[in-house]
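Reminder, nothing fancy here: chain letters follow the sequence lines and each chain counts from 1. Please read these numbers as outputs of a predicted model, since none were measured by experiment.
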There are 2 protein chains.
Amino acid sequence: MSYEDAIAATMTALADPTRRDIIQRLRSGPLPVGAIAAPMPISRPAVSQHLRVLSDAGLLTVTPAGNRRLYAIAPDGVDRLRQYLDDLWDDALAAFARAAEDQAKGKSDE
Amino acid sequence: MSYEDAIAATMTALADPTRRDIIQRLRSGPLPVGAIAAPMPISRPAVSQHLRVLSDAGLLTVTPAGNRRLYAIAPDGVDRLRQYLDDLWDDALAAFARAAEDQAKGKSDE
DNA sequence: ACTTACCGTAAGTCATCGCTTACCATTTGT
DNA sequence: ACAAATGGTAAGCGATGACTTACGGTAAGT
């Protein structure tokens, strides 16, 4: 999986409100599928499908614990997206400063 | 627009590969619509629609310049998502550490 | 051994989204 | 004033995605 594909998968995974909801429920710690799905307005299989997407994106880890499967937020996956945005942020600021300079120069010619 | 809605719009906007492509082309500085669309494999109206989504999400700013419209990356929009991920990162690390502790405790009972 | 609990997968349906073509408005140049 | 350039909007179409029900498979309790 290339870097761009990984970013794409992570972005797509977090774009869905239901999946962000799941992430919220895991912020305080790992949970089995049933505990995640119980308070949610959708069926358990739907949650399973979302968990699959989040896992494939590297945002969650799965730990089989006997009968159940514990899902937890994977710090690595979050960090990858964080670094992408940090880079973007740097370029955006630089371009912003450059645009401000150009505008100042342009003003002096008027 | 609530905070959660803003995050949702930003995530959704960046989830599309074409829109990330547009963002890439703007990393070096502002561009008019035509210059953005020219090297891309889709039509100009399609690009316009994507620019609309990105602007609504607060990721781009528009500056009418006579005949043309200059689009530029909005650092504020990027920063909002960055902070969201920073918070998530903090919680993920804390939960990870807590899970490791719990596991250590559990081990001692076996 | 049998039943119950937990969970992933498959198939099908419905809504959403991205793209195209066609059209219109505004601005620049002659 | 007229023609060309720039770009946003509308309608329609095809594809992707999220959800449901139904099913199978493994682990735990009796």
Practice item. May I have the step-by-step check of side chain to side chain contact (heavy atoms under 4.5 Å, CB included) for B:R68 and B:V33, ending in yes or no? Key: CA-CA 8 Å; B:R68 308 174 307 170; B:V33 178; over 6 Å; no
Exercise for review: Could you walk me through whether B:I73 and A:F96 pass side chain to side chain contact (heavy atoms under 4.5 Å, CB included), step by step?
Suggested key: CA-CA 8 Å; B:I73 299 179; A:F96 191 78; over 6 Å; no
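- In this structure A:D56 satisfies the side chain to side chain donor-acceptor pair (under 3.5 Å) test together with A:R52, sequence neighbours excluded.
- Atom P of nucleotide D:dT6 and atom CG of B:L31 are separated by 14 Å, given to the nearest angstrom.
- Annotation: the span from B:D16 atom CG to B:I23 atom CD1 amounts to 11.0 Å, rounded to 0.5 Å.
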Check your understanding: How does protein reach along nucleotides 5-12 of chain C, written 5' to 3' as B (base within reach of a heavy atom under 4.0 Å), S (only sugar-phosphate), or - (no contact)?
Key -> BSBBBB--
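- Within the 4.5 Å cutoff, the side chain of A:L51 has heavy atoms near those of the A:I36 side chain.
- The closest side-chain heavy-atom distance from A:P17 to B:E4 is not below 4.5 Å.
- Within the structure, a side-chain polar atom (N or O) of B:S43 is placed less than 4.0 Å from OP1 or OP2 of C:dT20.
- The nearest whole Å value for the distance from the CD1 atom in B:I42 to the C1' atom in D:dC13 is 17 Å.
- Side chains of B:T63 and B:R69: no donor on one and acceptor on the other come within 3.5 Å.
- Of all the residues in residues 3-22 of chain B, not one reaches under 4.0 Å from DNA chain D with any non-hydrogen atom.
- B:D86 places a side-chain heavy atom less than 4.5 Å from the side chain of A:R82.
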